[in-house]
Amino acid sequence: MYNVSGGIKAWQGKTAIGPQDLGLDLFSGRESAEEIFKVAYSLEGGLCDFYLSMGEKARGSRVKSLFLKLSQIEVKHQLALLKAYNKIAEVEVTRDEFETMVETKAMEGGLTTDQYLELFGSDPDSQTEVISLAMSIEAQALDLYQRAGARLGQSEAGNILHGIADEEKNHLASLGKLMNEI
Amino acid sequence: MKWMQFLTPAKSMGFKEIEAMIDGAKTDEIIILDVRQPREYQRGHIPGAMLIPLPELPDRLGEIDPQKPVLVY
């Protein structure tokens with residue numbers, strides 16, 4: 001047992017928001033491993049679309065290209081999920097085939113685009129604020145996958161969700177590096 | 001069961017140590033326990049934190065895996 005000295009006020013990393021059951025309706029616990037990958041793929045897709053639409057609204061060329069870069073990162077995450085899906089699926093599918101099987105209900109972290117914009121009132125023309133927003137979304141996604149994984153416990157689905165959560169942790173670290181580069 | 005961890009005082013760790021511990025472990029290897037009230041949790045919590053408000057803790061100890069390190073705040 002370790003006490004976080006200073007509590008949440010001393011925590012300087014990204015935080016997640018919302019009640020403990022936020023977004024958990026995306027994972028009822030009855031999904032197969034294949035279905036979990038489909039949900040995760042759709043969440044990454046929602047975030048990719050979000051970055052693309054934010055890029056269209058942004059005024060500066062640097063921020064526009066940053067949004068494009070972030071959307072491309074999400075596509076990479078999607079491809080990794082498709083690869084993981086094909087490893088366990090009975091029938092291997094192409095990306096186009098897979099996309100017809102998923103439905104985008106929300107973005108990563110289980111919130112809709114409008115909810116994110118409302119919660120993180122970021123300036124879409126500031127590079128640091130854009131990356132900070134992206135980090136907040138990744139933190140939210142990490143939080144969702146961990147909570148969902150913890151709820152499903154030591155099951156195949158639970159282990160897959162924890163695996164995706166570990167990936168999200170890496171994504172968060174990558175965005176931290178990107179922040180240091182600008 | 002690691003009973004000793006329930007009988008010994010909790011070690012306090014600063015942000016850097018906690019961050020290093022979280023970064024160095026897989027997400028299912030550590031329990032991050034938030035013992036504040038739901039409204040405080042809702043406003044902001046460490047990603048992946050499990051919420052058990054302090055008044056409920058004595059009745060919900062069974063939800064915490066005693067085999068895993070617990071970071072509590």
Side-chain angles (χ1 to χ4, degrees), chain A residues 1-24 108-110 119-120 135-155 157-174 176-177, chain B residues 1-54 56-57 60-73:
Chain A
M1 182 85 72
Y2 301 93
N3 174 45
V4 179
S5 183
I8 193 75
K9 284 180 185 164
W11 177 252
Q12 296 164 37
K14 279 286 169 191
T15 54
I17 54 163
Q20 202 180 17
D21 57 356
L22 177 70
L24 290 187
E108 279 198 300
L119 289 166
F120 309 107
M135 289 177 81
S136 298
I137 295 171
E138 292 295 347
Q140 203 67 29
L142 170 62
D143 184 57
L144 171 64
Y145 290 128
Q146 273 190 264
R147 284 182 290 113
R151 196 184 58 167
L152 301 191
Q154 290 297 320
S155 59
N159 290 337
I160 286 171
L161 281 165
H162 277 300
I164 298 174
D166 286 329
E167 284 298 314
E168 293 300 334
K169 207 161 79 168
N170 293 336
H171 300 167
L172 195 53
S174 305
K177 280 184 193 161
Chain B
M1 293 266 282
K2 293 179 180 174
W3 290 106
M4 281 305 287
Q5 70 184 41
F6 293 114
L7 303 173
T8 49
K11 183 190 172 198
S12 280
M13 289 168 81
F15 169 71
K16 289 281 174 202
E17 277 180 291
I18 295 284
E19 188 186 40
M21 193 171 178
I22 292 173
D23 287 348
K26 290 191 169 180
T27 53
D28 61 346
E29 290 175 345
I30 287 181
I31 294 171
I32 305 167
L33 179 63
D34 190 326
V35 295
R36 299 171 303 153
Q37 290 305 297
R39 188 170 288 189
E40 294 173 287
Y41 177 95
Q42 195 163 335
R43 279 199 289 261
H45 54 266
I46 298 177
M50 171 186 200
L51 173 68
I52 304 183
L54 199 56
E56 299 173 24
L57 195 55
R60 295 179 58 188
L61 274 179
E63 294 175 33
I64 302 166
D65 185 344
Q67 305 296 332
K68 295 179 183 174
V70 180
L71 301 174
V72 64
Y73 68 95

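We name chains A, B, ... by the order of the sequence lines, and we start the count at 1 in each one.
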* Asked: With a 4.5 Å limit on heavy-atom distance, are the side chains of B:Thr27 and A:Leu142 in contact?
  -> yes
* Atom CG of B:Asp28 and atom CG of A:Asp166: how far apart are they, to the nearest 0.5 Å? -> 6.5 Å
* Asked: When rounded to the nearest 0.5 angstrom, what is the spacing between CD in A:Gln146 and CD1 in B:Ile31?
  -> 11.0 Å
If you compare all heavy atoms of [X] against all heavy atoms of [Y], which two are closest, and at what distance to 0.1 Å?
X	Y	result
A:Tyr2	B:Pro69	CE1-CB, 3.9 Å
A:Lys14	B:Pro47	O-CD, 3.2 Å
A:Gln20	B:Met50	NE2-CA, 3.6 Å

* Quick one: which of A:Gly6, A:Ala165, A:Gly7 has the most heavy-atom pairs under 4.5 Å with chain B, could you say? => A:Ala165
* Below 4.5 Å from any heavy atom of chain A, which atoms of B:Arg39 appear? Answer side chain, backbone, both or neither. => neither
* Structure fact -> The interface call for A:Ala10 against chain B, heavy-atom contacts under 4.5 Å, is backbone
For residues 12-22 of chain B, which side-chain N or O atoms pair as donor and acceptor with protein atoms under 3.5 Å away, sequence neighbours left out?
from, atom 1, to, atom 2, distance (Å)
B:Ser12, OG, A:Asn3, ND2, 3.0
B:Glu17, OE1, B:Gly14, N, 3.3

* Would a distance-only check, ignoring hydrogens and angles, find a side-chain to backbone donor-acceptor pair under 3.5 Å from A:Lys169 to B:Ala25? -> yes
* To do: Select, from B:Ile46, B:Ile32, B:Asp23, the one with the greatest count of heavy-atom pairs under 4.5 Å involving chain A.
  => B:Ile46
* Asked: Could you go step by step and tell me if B:Asp34 and A:Ile8 meet the side-chain contact (heavy atoms from CB on, under 4.5 Å) rule?
  -> CA-CA 9 Å; B:Asp34 190 326; A:Ile8 193 75; 5.6 Å; no
